[in-house]
Q: 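One structure, as structure tokens, below. Some questions next.
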Amino acid sequence: MKTIDINIKIGCCQIEELSEQEQLLVRTAIKATAHSYSPYSHFAVGAALLLADGEVVMGANQENAAYPSGLCAERSAIFAAQSQRPDQAIAMLAIAARSGGCLTNSPIVPCGACRQVILEVEARYEQSVRILLYGKDKIYVVESVKDLLPLQFTGDSMK
Ligand code: THU
């Protein structure tokens, strides 16, 4: 059997190495953790989106006693942005999280369902979403969600 090599490059840096705009987006994601409603997991996730026109939209995870009824920070932010500003592409997304009140040391990465939703955003607006994953130790910079989801199921998969 042949094998296929899938190579993924992910940037790894400190916050000072990011542009001013990127640093601001990361700081906004950190701020957004304060809006998390997470009485069950005590894991507070914040997301900040940069729209094409420069507007920033925040999101935070919203939990529910019926666990699956809750929603992740990334999708809260994306669905809010698309509901209010459907004409605006999403250029960038920053994510940060606090566990028991402290910012995580390792970069927080989006769950599979959020990756799939970000993929749809990229297809819808025909541009990739730059993703900044914050951790106290390091920040990962991902150029497209395709790097986090190498084999993608999209609308084209059904043709
Ligand atoms: N969560 C997010 O908001 N984003 C992620 O990328 C991972 C997980 C939330 C869902 C749930 O409220 C809590 O974190 C624990 O899974």
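For ligands, and for the atoms within them, numbers begin at 1 and follow the listed sequence.
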Q: Just wondering, do Q116 and L149 contact through their side chains at under 4.5 Å, heavy atoms?
A: yes

Q: Which is closest to atom 7 (C) of ligand 1 by heavy-atom distance: V109, L71, T33?
A: V109

Q: Kindly indicate, with the supporting measurements, whether the criterion side-chain hydrogen bond (donor to acceptor under 3.5 Å, both in side chains) is fulfilled by S41 and E63.
A: CA-CA 8 Å; S41 71; E63 296 185 350; 2.5 Å; yes

Q: Decide if atom NZ of K136 counts as having more than 12 heavy atoms of other residues, nucleotides or ligands within a radius under 6.0 Å.
A: yes

Q: For a quick test of reading the model, state the closest non-hydrogen atom pair linking P86 to R124 and the distance between them.
A: CB-NH2, 3.7 Å

Q: So for ligand 1, is A73 a polar contact partner (N or O within less than 3.5 Å, distance only)?
A: yes

Q: What residue among K138, E22, Q23 forms side chain to side chain contact (heavy atoms under 4.5 Å, CB included) with I15?
A: Q23

Q: Under the 4.0 Å line, does any protein heavy atom show up next to atom 16 (O) of ligand 1?
A: no

Q: With side chains defined as the heavy atoms from C-beta onward, is the minimum distance between I118 and L93 less than 4.5 Å?
A: yes

Q: Please could you name the atoms of ligand 1 that E63 approaches to less than 4.0 Å, counting only its heavy atoms?
A: 11 (C), 12 (O), 13 (C)

Q: Do we see a donor-acceptor contact under 3.5 Å between the side chains of E143 and S128?
A: no

Q: Heavy-atom distances under 4.0 Å are what count here, so tell me which part of S41 touches ligand 1: side chain, backbone, both or neither.
A: side chain

Q: Examine the side chains of S36 and S38 and answer whether a donor and an acceptor come within less than 3.5 Å of each other.
A: yes

Q: Heavy-atom contacts with E74 under 4.0 Å: which atoms of ligand 1 show up? List them by number with element.
A: 2 (C), 3 (O), 4 (N), 5 (C), 6 (O)

Q: What part of I95, side chain from CB on, backbone N/CA/C/O, both or neither, has a heavy atom under 4.0 Å from ligand 1?
A: neither

Q: When you compare ligand 1 with N61, is there at least one nitrogen or oxygen pair between them that comes in under 3.5 angstrom?
A: yes

Q: May I ask which of S36, G112, C111, C72 has a heavy atom nearer to atom 10 (C) of ligand 1 than the others do?
A: C72

Q: With a cutoff of 4.0 Å, is P110 in contact with ligand 1, counting heavy atoms of the residue only?
A: yes

Q: Heavy-atom pairs closer than 4.0 Å: do any link ligand 1 to the side chain of Q62, the backbone, both, or neither?
A: neither

Q: Which of the atoms in ligand 1, numbered in the order shown and given with their element, are less than 4.0 Å from a heavy-atom of F43?
A: 14 (O)

